[in-house]
Q: 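Questions regarding the structure given below will be posed in turn.
Just so it is clear: chains get the letters A, B, ... in the order the sequence lines come, proteins before strands, and each one is counted from 1. All values reported here derive from a predicted model rather than from experimental measurement.
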2 protein chains.
Amino acid sequence: MNDNRADSVKNKQSKIYLDIVEELRLMIQADGLLPGDKIPSERELSERLQVGRSSVREALRSLELLGLIETRRGEGTFIKVFQEHRLVELLGAFFLLDENSRNNLSETKILLEQACLQGVVNKAAQADIEDMIQWAKTQDFDDEAFFQRVFQINPNHLLERIWIVVNSYEKSAGGPNRKAPKQLYVELLHALMHKDSDEIDRIYSKGIRLSDKS
Amino acid sequence: MNDNRADSVKNKQSKIYLDIVEELRLMIQADGLLPGDKIPSERELSERLQVGRSSVREALRSLELLGLIETRRGEGTFIKVFQEHRLVELLGAFFLLDENSRNNLSETKILLEQACLQGVVNKAAQADIEDMIQWAKTQDFDDEAFFQRVFQINPNHLLERIWIVVNSYEKSAGGPNRKAPKQLYVELLHALMHKDSDEIDRIYSKGIRLSDKS
DNA sequence: AGAGAAAATGTGGTCAGACCACTTTACTGC
DNA sequence: GCAGTAAAGTGGTCTGACCACATTTTCTCT
């Protein structure tokens, strides 16, 4: 058996499908593939990586359940825009989080949101904030939708992605359903526009986060 | 959603492996299985659900990647403690193929560290801090090892997990090699013990994070 | 030549069976 | 009783075969 896979040489330590997940990650990274792009077919991957098609499928199905890729019968497999997937809800359905984890989730989420708000103050485009004020005035939204947008206008999208995960987890764990008066959100946006950090912190901590105590 | 295929009568609407995931969920719930418990073997599931073993494996491998189950060759498949999930790690690995996110690594890391320090002030056991002071005085360590320990004594281990990912990726992305005089770290620990938030922030931001500018 | 139909091709979806590697259990001979 | 070995059970992987669906190519009839 000449397992000539440049990097992992006969690495029986880990399971093949995990290797493939990693290979795919590298491949996507190397080729600069973006959401919507097509990745090689199962058969081609199987041949290229010198593994059975079933192993390739185990890897792809895993990534699909994770929401990272999407497969369309007869067409192919495509990279998916990462968004909130029902998967995380599934997690909640599987196992309940213990009290401690739940608190961690809540705390971490708040922390990310506070950091995001500061980030917006320091680095977001003023125009984005103004747009969001218009949006807030005309649209209906809940707490989640609000912060989703706030994270979008923060240039640090890594933070956004972490928040998405944590937020999903918290929801699936049956976290508190936060919802403050719309007015507060609008005030928060104005404070953001005026770069009034203290006011932002006050509205967020004392106002929006008031109702639920963790 | 008309996701009603429990009966599975020629219902080609959804993929088999997703059905199996759902079946497993119900099975676990019905039998009241807990972490550590063993679930039926692949072959038994295959027969019981009247599906191919490869489909069963696709489902199991997906759940395994999610960290919901654990498989041990020759033994079987077991339900895993939810705490050990690695969703954050996984998603993190794929997030970072996004070029833009890479630039946010340093910023996010600092943010996590600051948050961790505040968390230690508010919630860590005093004894842990004292232990760490002893450790710091007698051992040799670098910046990474120091914060690794700080995160460990912070009760919020979710934060730790996130940091681990961000940190490792920053390293692999060739981030700055931070290293402050040992004395500063010791001072930081003392400030932690005295719960002097301002001092902590000062030492961290102006001292330890002095050299590198982001 | 053009439009529509039919066939070929490509791709994911699923299954069955065959081995392998490893662990647990049962059995056997002393 | 005990050690050593055989058998059974279980996950890990591969191969090959179909099916279902979508796209592309080819063919046929006007």
Side-chain angles (χ1 to χ4, degrees), chain A residues 1-5 7-24 27-28 33 36-80, chain B residues 3 5-24 27-28 33 36-80:
Chain A
M1 301 337 281
N2 26 22
D3 195 4
N4 278 345
R5 266 185 295 142
D7 32 17
S8 58
V9 228
K10 198 64 179 180
N11 195 349
K12 277 301 182 184
Q13 303 295 45
S14 63
K15 307 178 187 184
I16 298 283
Y17 91 97
L18 290 177
D19 289 343
I20 297 174
V21 166
E22 178 63 12
E23 293 281 356
L24 282 170
M27 190 179 300
I28 290 171
L33 298 185
D37 287 349
K38 189 169 180 295
I39 66 180
S41 72
E42 298 179 351
R43 290 175 177 83
E44 185 183 337
L45 285 172
S46 166
E47 186 164 346
R48 208 199 285 188
L49 302 178
Q50 287 292 289
V51 296
R53 190 180 155 212
S54 52
S55 292
V56 171
R57 280 186 63 79
E58 287 180 11
L60 290 178
R61 253 15 81 211
S62 298
L63 293 177
E64 185 181 53
L65 188 64
L66 260 176
L68 292 174
I69 61 175
E70 176 185 17
T71 54
R72 295 199 285 272
R73 182 193 226 139
E75 297 181 61
T77 304
F78 306 81
I79 298 181
K80 198 172 169 185
Chain B
D3 239 357
R5 71 304 204 205
D7 30 311
S8 75
V9 199
K10 281 282 192 163
N11 202 334
K12 282 301 189 180
Q13 301 297 41
S14 64
K15 306 181 187 183
I16 297 281
Y17 91 99
L18 290 178
D19 290 343
I20 297 174
V21 166
E22 175 65 9
E23 293 284 354
L24 284 170
M27 191 179 298
I28 290 172
L33 298 184
D37 288 349
K38 189 169 179 301
I39 66 180
S41 72
E42 298 180 351
R43 289 175 178 82
E44 185 183 337
L45 285 172
S46 166
E47 186 164 345
R48 206 199 288 188
L49 302 178
Q50 288 292 291
V51 296
R53 192 182 154 211
S54 51
S55 292
V56 171
R57 281 186 62 79
E58 288 179 10
L60 290 178
R61 255 13 82 210
S62 297
L63 294 177
E64 185 182 54
L65 188 68
L66 273 178
L68 290 174
I69 61 175
E70 175 186 18
T71 54
R72 294 199 285 272
R73 179 192 228 138
E75 297 180 61
T77 304
F78 306 83
I79 299 181
K80 204 169 169 186

Q: Under 3.5 Å, is there an N or O donor on one side and an acceptor on the other linking the side chain of A:Arg72 and the base of C:dG12?
A: no

Q: In terms of side-chain heavy atoms of B:Arg61, which of D:dT10, D:dG12, D:dC14 is nearest?
A: D:dG12

Q: Is any NZ, NE, NH1 or NH2 atom of the basic residue among A:Lys15 and A:Glu58 found under 4.0 Å from an Asp or Glu carboxylate oxygen of the other?
A: no

Q: How about A:Leu49 and A:Ile16: do any of their side-chain heavy atoms sit closer than 4.5 Å?
A: no

Q: Between D:dG11, C:dC15, D:dA22, which nucleotide has the shortest distance from any of its atoms to the side chain of B:Thr77?
A: D:dG11

Q: Among D:dG12, C:dG13, D:dT13, which is the nearest nucleotide to the side chain of B:Arg73?
A: D:dG12

Q: Can you spot which of A:Arg48, A:Arg73, A:Arg61 makes a salt bridge (charged side-chain N to carboxylate O under 4.0 Å, His left out) with A:Glu42?
A: A:Arg61

Q: Please compare B:Pro40 and B:Ser54 by the position of their nearest nucleotide in DNA chain D and report the one closer to 5'.
A: B:Pro40

Q: C:dT14 C1' sits how many Å from A:Leu60 CG, rounded?
A: 15 Å

Q: Need to verify one output field. Residue with the more 5' nearest nucleotide on DNA chain D, A:Val56 or A:Glu75?
A: A:Val56

Q: Let's see if you can work this out: which of D:dC14, C:dG12, D:dG12 has an atom nearest to the side-chain heavy atoms of A:Ser41?
A: C:dG12

Q: Test for a donor-acceptor pair under 3.5 Å between the base of D:dG12 and the side chain of B:Arg53, counting only N and O atoms.
A: yes

Q: May I have the distance from B:Lys15 (atom NZ) to D:dC19 (atom P), rounded to whole angstrom?
A: 21 Å

Q: Kindly indicate whether the side chain of A:Arg43 and the base of C:dG12 share any N or O donor-acceptor pair separated by less than 3.5 Å?
A: yes

